[in-house]
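Numbered from 1 within each chain, the chains take letters A, B, ... in sequence-line order. Atom set for the values below is all heavy atoms of this structure, side chains included, hydrogens, waters and symmetry mates excluded.
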2 protein chains.
Amino acid sequence: MAPRQTRERILETSLAMFNAQGEPNVTTNHIADELEISPGNLYYHFRNKEDIVEQVFTRYEVRMDDALLVPEGRLPNLEDVWMQLHMVFECMWDYRFLYRDLVDILSRNRKLKAHFARILTRAASSAAAVLRGLAAGGILRATEDEIRATAENVLLVATFWMNFSIVRNARGEVGQDDLTHGIYQVMLLIAPFLRDAERAHLNTLAQAYR
Amino acid sequence: MAPRQTRERILETSLAMFNAQGEPNVTTNHIADELEISPGNLYYHFRNKEDIVEQVFTRYEVRMDDALLVPEGRLPNLEDVWMQLHMVFECMWDYRFLYRDLVDILSRNRKLKAHFARILTRAASSAAAVLRGLAAGGILRATEDEIRATAENVLLVATFWMNFSIVRNARGEVGQDDLTHGIYQVMLLIAPFLRDAERAHLNTLAQAYR
DNA sequence: GTCTATATAGGGATAGAC
DNA sequence: GTCTATCCCTATATAGAC
């Protein structure tokens, strides 16, 4: 088979298996079995398991960098926030293995840790910029300190929302519904600072997910 | 050596090593080495590694159950919230290995998962009760929906604060200072609902940790 | 590019002597 | 209660044939 294709299949299957079973529970042999190729073949394409994780991470990084772009040239509105949260949460969902064992995965690999920290920094800037934009547009009222603290909480809630869902449900899997709930949960962080009309509207929407 | 003592030493050392290196990275052989006992001896006292984790978890559970007790017979004030957050965060710190790899640890053990879910449920009740108490005392103003959503975010931020700290600092360890920052971060979740005087006071205090 | 076969290492766990 | 010795199994990774 063409080299590109096998390499690509390994990456796709690895991602799927990491997401389904958790990265620590997926071995190179499991991946090879699933693809019906030999372990030796897998090691022809990648130096080791960590190499696979790194390549998958790189794709995640590109995707998340895109999701974090803030629309320029105009002030953001609540619809923009909504849209951006969807982009970000869908990216997190597609690479949920990373978030499931975030500390463990990053602790084994300095490069990944540095890159993830960079993404968090970008996300913090993005969140703060959007909040400032909302304030400038009169949609939101908050001091600079409140904006900074809220941006930090937005980051934290978004980053660990899926883990929270998994851990809270005594049984049962986490699905796309929980993601939507997470988006609302993030919106509710900024709700107290919204103009009355917008806050009332948001609270009505959020009823369905409490 | 008396059986109680060796068993006790195993539990203490395991906890220390789990916290320092992460539970997935600590093997039964490592624990035995550290204690300068034989692996066979360790297995005389515990059926397997999971048994050790369960026993350590039980102690965590007792401790957290205590920290989540809400003072009865009077309305809570902000000082109570402050104190309780300290109790809870110190407990989380002492058993931080559990939070570091929460999803992974719980996914391997249904019993632990059920117990942790129970603790989260208790914590949610506790948080909501305290917020309602603050509202009843006129310290805070929020609708029932806002209280519910805020309690959920309090839970999430508290549960994953340490992981967030670890992951955000590109390098360097997490220490007790970060814990204090986490407590402020939780307080800032409820700040928007506080009476003006209390909110101003809190924001002043929080300056040091932004 | 892919396979088979295998080397190496380590972790979990037990048997049986002391 | 503790130790030594050991077994089993799995995971990573490589060598060399095809």
Side-chain angles (χ1 to χ4, degrees), chain A residues 1-57 97-98 100-101 104-112, chain B residues 1-57 97-98 100-101 104-112:
Chain A
M1 211 172 285
R4 280 276 145 210
Q5 193 176 340
T6 297
R7 188 185 159 84
E8 184 61 27
R9 290 209 308 143
I10 292 171
L11 287 177
E12 283 170 11
T13 300
S14 296
L15 173 57
M17 293 180 77
F18 290 164
N19 281 341
Q21 304 163 40
E23 182 272 343
N25 305 314
V26 177
T27 72
T28 48
N29 282 353
H30 292 155
I31 299 169
D33 273 2
E34 177 74 18
L35 285 165
E36 294 181 307
I37 66 175
S38 67
N41 191 2
L42 186 146
Y43 277 92
Y44 170 80
H45 291 281
F46 295 93
R47 272 187 298 284
N48 49 39
K49 186 185 165 184
E50 199 62 23
D51 189 17
I52 298 178
V53 173
E54 283 190 20
Q55 298 309 315
V56 173
F57 182 91
F97 82 94
L98 177 63
R100 190 198 118 121
D101 297 288
D104 196 48
I105 291 172
L106 298 187
S107 73
R108 294 195 312 256
N109 191 316
R110 290 190 176 187
K111 181 177 154 195
L112 293 197
Chain B
M1 211 171 285
R4 279 275 146 211
Q5 193 176 338
T6 297
R7 187 184 162 84
E8 184 61 27
R9 290 209 309 142
I10 292 171
L11 288 177
E12 283 171 11
T13 299
S14 297
L15 173 57
M17 293 180 77
F18 289 164
N19 282 341
Q21 303 163 41
E23 182 272 343
N25 305 314
V26 177
T27 72
T28 49
N29 282 353
H30 292 156
I31 299 170
D33 274 3
E34 177 74 19
L35 285 164
E36 294 181 307
I37 66 174
S38 67
N41 190 2
L42 186 146
Y43 277 91
Y44 169 80
H45 290 282
F46 295 92
R47 273 187 298 282
N48 49 38
K49 186 185 167 186
E50 200 62 24
D51 189 18
I52 298 178
V53 173
E54 284 191 19
Q55 298 308 315
V56 173
F57 182 91
F97 82 93
L98 177 62
R100 190 197 119 121
D101 298 287
D104 196 47
I105 291 172
L106 298 187
S107 73
R108 294 196 312 256
N109 191 315
R110 291 189 175 188
K111 181 178 154 194
L112 292 197

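Every pair tested for salt bridge (Lys or Arg N to Asp or Glu O under 4.0 Å) that includes a residue from residues 27-42 of chain B fails, sequence neighbours excluded, so the list is empty.
Heavy-atom minimum distance, A:Met17 versus A:Val26: O-CG2, 3.5 Å.
Take A:Phe57 and apply the ring-ring contact (aromatic ring centres under 6.0 Å, His included) test, not counting sequence neighbours, and it matches A:Tyr60. Qualifying side chain to side chain donor-acceptor pair (under 3.5 Å) partners for A:Thr28, counting only residues two or more places apart in sequence or in other chains: A:Tyr43. Evaluation of the side-chain contact (heavy atoms from CB on, under 4.5 Å) rule for A:Arg108 yields A:Glu23, A:Glu50, A:Asp104, A:Ile105 as partners, not counting sequence neighbours. Partners of A:Thr13 according to the side chain to side chain donor-acceptor pair (under 3.5 Å) rule, which considers only residues two or more places apart in sequence or in another chain, do not exist here. In this structure B:Glu54 satisfies the salt bridge (charged side-chain N to carboxylate O under 4.0 Å, His left out) test together with B:Lys111, sequence neighbours excluded. The side-chain contact (heavy atoms from CB on, under 4.5 Å) test applied to B:Ser38 returns B:Asn41, not counting sequence neighbours.
One atom, CG of A:Asn41, and another, C1' of D:dA15, lie 15 Å apart when rounded to the nearest Å. Atoms CG (A:Asp51) and P (D:dT12) sit 14 Å apart, rounded to a whole Å. A:Tyr44 has its OH atom 15 Å from the C1' atom of D:dT14, to the nearest Å. Taking atom CD1 on A:Ile31 and atom P on D:dA13, their separation rounds to 11 Å, with Å as the unit. Summarising the geometry, the separation between CZ on A:Phe46 and P on D:dT14 is reported as 15 Å, rounded to the nearest angstrom.
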All N/O pairs under 3.5 Å across the protein-nucleotides 16-18 of chain C interface:
none

Using a 4.0 Å cut-off on protein heavy atoms (strictly under), produce a 5'-to-3' string for nucleotides 9-14 of chain C with B for base contact, S for backbone-only sugar-phosphate contact, and - for none.
-> --SSBB

